[in-house]
There are 2 protein chains.
Amino acid sequence: MPTKPSPPAFAAAAGRTTIADVAEKAGVSKATVSRFLNRRDELLTPEIATRVESAIAALGYTPSPMAQALKRGRSRLVGLVVADVTNPFSVAVLRGAEKACQEAGYLLMLFNLGDDSQREREAIQALASYHVEGLILNTLGRDAGAAAAVARQGRPVVLVDRRHGNMQADFVSLDNAGAIRTAGAHLLECGWDELLFVTEPSEGVSSREERVAAFRAFLASHPQARGAVFESVAGDSQALERELQQLRARGRRPAVLASNAVITLRVAAAVARLGWNFGEDLGFVGIDETEWAPLVGPGLTTIAQPTDALGRLATACLLERLAGLNVPPRQILLQGELVVRRSSRQA
Amino acid sequence: MPTKPSPPAFAAAAGRTTIADVAEKAGVSKATVSRFLNRRDELLTPEIATRVESAIAALGYTPSPMAQALKRGRSRLVGLVVADVTNPFSVAVLRGAEKACQEAGYLLMLFNLGDDSQREREAIQALASYHVEGLILNTLGRDAGAAAAVARQGRPVVLVDRRHGNMQADFVSLDNAGAIRTAGAHLLECGWDELLFVTEPSEGVSSREERVAAFRAFLASHPQARGAVFESVAGDSQALERELQQLRARGRRPAVLASNAVITLRVAAAVARLGWNFGEDLGFVGIDETEWAPLVGPGLTTIAQPTDALGRLATACLLERLAGLNVPPRQILLQGELVVRRSSRQA
DNA sequence: TTGTAGGCGTTATCAA
DNA sequence: TTGATAACGCCTACAA
């Protein structure tokens, strides 16, 4: 009994077309096809080159990135780990990073932690196992081990918005101190002088800590302003309302500086429940520009983060490292932009 | 001069530890390790099993998914293509899908089109080249070819929210007609009887078309209501304002039904510019629940889509197909939930 | 300039 | 029950 004579043909039909198929069709060796693909410069006979070229076209051949990765150790994959995709800031950064990756011929593999910082190690390992060439991290970095291990393997890591304890890596972020100063100065200029900085509990998130510290520093250097810090926890809206009432009892020109969009949402909800009006009963500036900021109350003044640039720069840093750049960890801080609306209007 | 005697040691240090390292350490063959990993049932000598086990633990070995994918043709990767990550609906679906994937031991590879439908083919090919086992598509499907090719290769495709012309595939979506009926009936009950359905130009997006058609059907079956459809294009806010003014001129109880969150944003902006109040000058219901809906004006009534369930079900469909389920394309329609706020309040 | 052969890390087939 | 060995699709010395 003759065994089936056509296992290769069958395989080709079922699977995708491989370099061997191209080689056969062109009547050359696999090596020649590979060379044609990678280093066209290495003078191939024009005739052979065209033969290979048309075979590739005819078969619609594309190299398998997985096989390439396996062989060369490079995958043209960049891993992006986000603490929470639900966060518009992260999504905006993601888009910037994605564009930059695309332009450089890289593919972005996204891993979302869903705000479960336990999963960070798992995420990094998963990504590493797919041989991502580098990592962009917008995470807590509670578990320094995983990222450090990747870095030690010589794969560059870039941190966005959140530093990781002692990790040595490029870092790209909003200039938090500058943003706070801008916001605070704006509020003061508009006559709001009893300030409350509302933030999520810092829980080790560096950007939150930096913003609080910057706010305190701002107060110290502006004696004409009075201010306090309030940590708003997720479930407890009553505490926030009480705090706002006390704030208003303290001064005639009270204002809130919200440390991010999540807090802005909470403050806006509380203000609605209290029946107050932004820009009259309470001044307001929030970090993070959102599509809905113009629509809440009379419009909310915000500090817009350069999210697209953050994503692009993070990617750029990564690609430079990939290209061999070997300098100490860099820190890139970008300015926020004040978007004035009526929540901070002059008295 | 002796050449370096330890290329393997070096390679192991620089790269990751491989199955060969484990085999060596345990004093067995690679095949045995592989068997231990995959089919523990195939009775291994307990002693060998433990030896392998501890070698794996000692080395911290994890199999390389890429090598596995290369060998078995399966990658434990699911591809998700989104027309626009900026869309909160897509992100919410993404989260649901991601959870389901994680639970099943799959990794989600995200590709974002950035609303550039030209890139769909490119996205699908990129994903396919990484041997994703299946595809979840939340896209226009203008270019039927790419997805169809994947499907033809026996890789399941699931469509979310948007159908693709003639493509035969599982489809998971909001029950658009039901949602429109619910919203319309609610407005009528509350006394709003001069309706305007505002939508983005349909541009071949099936969900948009279905919603418009459902609205027309609703009008036809409710003679007491009067209504019209308005297509709002991205840049032209003036046209929308004019339309709203005409609407209000037509009837004493005018209301808008917004076909999604993008439109809700535009309508809210127009209403703010006109100085109107939702729930007084204009009734309102919008499809898509958002975090900011409670904060705009007196609170916006919405139809919340079961985004998490959509994502999970899409994944479930995919996994069933992967497991060999072979039935004709299914269509899974989920109900939306009416979230009543004051924008639709009774006269 | 082109082809042969070996190996990347796995799994699967076949002997032993 | 275990171990060689040959692929998977690709790249790259090295040889021709």
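Computed over heavy atoms, backbone and side chain alike; hydrogens, waters and symmetry mates excluded. So you know, we letter chains A, B, ... as the sequences are listed, proteins then strands, and number each from 1.
- Listed nucleotides D:dC11, C:dT13, C:dT10 differ in distance to A:Ile19; the shortest reach to its side chain belongs to D:dC11.
- What separates CG of B:Leu44 from C1' of D:dG3 is a distance of 13 Å, to the nearest Å.
- Listed nucleotides: D:dG9, C:dG3, D:dT2. Nearest to the side chain of A:Thr32: C:dG3.
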Apply the test salt bridge (Lys or Arg N to Asp or Glu O under 4.0 Å) to residues B:Asp115 and A:Arg95: give CA-CA distance (whole Å), side-chain angles for both, the deciding distance (0.1 Å), then the verdict.
-> CA-CA 11 Å; B:Asp115 253 346; A:Arg95 291 213 48 181; over 6 Å; no
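- Regarding contacts with the backbone of C:dG3, a side-chain N or O of A:Ser29 is found under 4.0 angstrom from either OP1 or OP2.
- Separating the CG atom of B:Asn38 from the C1' atom of C:dG9 is a distance of 13 Å, rounded to the nearest angstrom.
- Nearest to the side-chain atoms of B:Thr18 among the listed nucleotides C:dT10, D:dT2, D:dG3 stands C:dT10.
- Put simply, CE on A:Met66 is 18 Å from C1' on C:dG7, counting in whole angstrom units.
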So A:Arg119 and B:Gln102, side chain to side chain donor-acceptor pair (under 3.5 Å) or not? Walk me through it.
-> CA-CA 11 Å; A:Arg119 290 221 289 147; B:Gln102 193 206 344; 3.2 Å; yes
Going through the checks in order, is the salt bridge (Lys or Arg N to Asp or Glu O under 4.0 Å) test met by A:Arg312 and A:Glu103?
-> CA-CA 10 Å; A:Arg312 284 181 174 281; A:Glu103 285 162 14; 3.5 Å; yes
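- Here A:Ser129 lies out of heavy-atom contact (under 4.0 Å) with every strand.
- Between B:Ala20 and A:Pro46, the residue anchored nearer the 5' end of DNA chain C, judged by the nucleotide with its closest heavy atom, is A:Pro46.
- Phosphate contact (OP1/OP2 of C:dG9, side-chain N/O of A:Tyr130, threshold under 4.0 Å): absent.
- Contacts of B:Leu37 with the nucleic acid, taken as non-hydrogen atoms under 4.0 Å apart, are absent.
- A donor and an acceptor atom, one from each side chain of B:His164 and B:Ser206, are nowhere located under 3.5 Å apart.
- Taking every side-chain heavy atom of A:Ala31 into account, C:dG3 is the closest of C:dG3, D:dG9, C:dT10.
- Taking every heavy atom of both residues into account, B:Leu110 and B:Val82 meet most closely at CD1-CG2, 3.1 Å.
- Side chain of A:Asp170 to backbone of A:Arg330: a donor-acceptor contact under 3.5 angstrom is found.
- The distance from atom CZ of B:Arg76 to atom P of C:dT11 is 12 Å, rounded to the nearest whole Å.
- Proximity of B:Gln68 to the phosphate of C:dT11: a side-chain N or O atom is located under 4.0 Å from OP1 or OP2.
- Closest contact between the side chain of B:Lys71 and the listed nucleotides C:dG3, D:dG9, D:dA7 involves D:dA7.
- The residue B:Tyr61 sits close only to the backbone: its heavy atoms come under 4.0 Å of sugar-phosphate atoms, none of a base.
- The CZ atom of A:Arg35 sits 14 Å away from the P atom of D:dC14 (whole-angstrom rounding).
- Counting only heavy atoms from C-beta on, A:Ile48 has its side chain closest to C:dT2 among C:dT4, D:dG3, C:dT2.
- Between the CG atom of A:Leu70 and the P atom of C:dT11 there is a distance of 12 Å, rounded to whole Å.
- Spacing between atom CG of A:Leu59 and atom C1' of D:dG9 amounts to 15 Å, rounded to whole angstrom units.
- Summarising the geometry, the separation between NZ on A:Lys30 and C1' on D:dA7 is reported as 10 Å, rounded to the nearest angstrom.
- Phosphate contact (OP1/OP2 of C:dT2, side-chain N/O of A:Thr45, threshold under 4.0 Å): present.
- Base engagement by B:Ser34 is indicated by at least one non-hydrogen atom pair under 4.0 Å involving a base atom.
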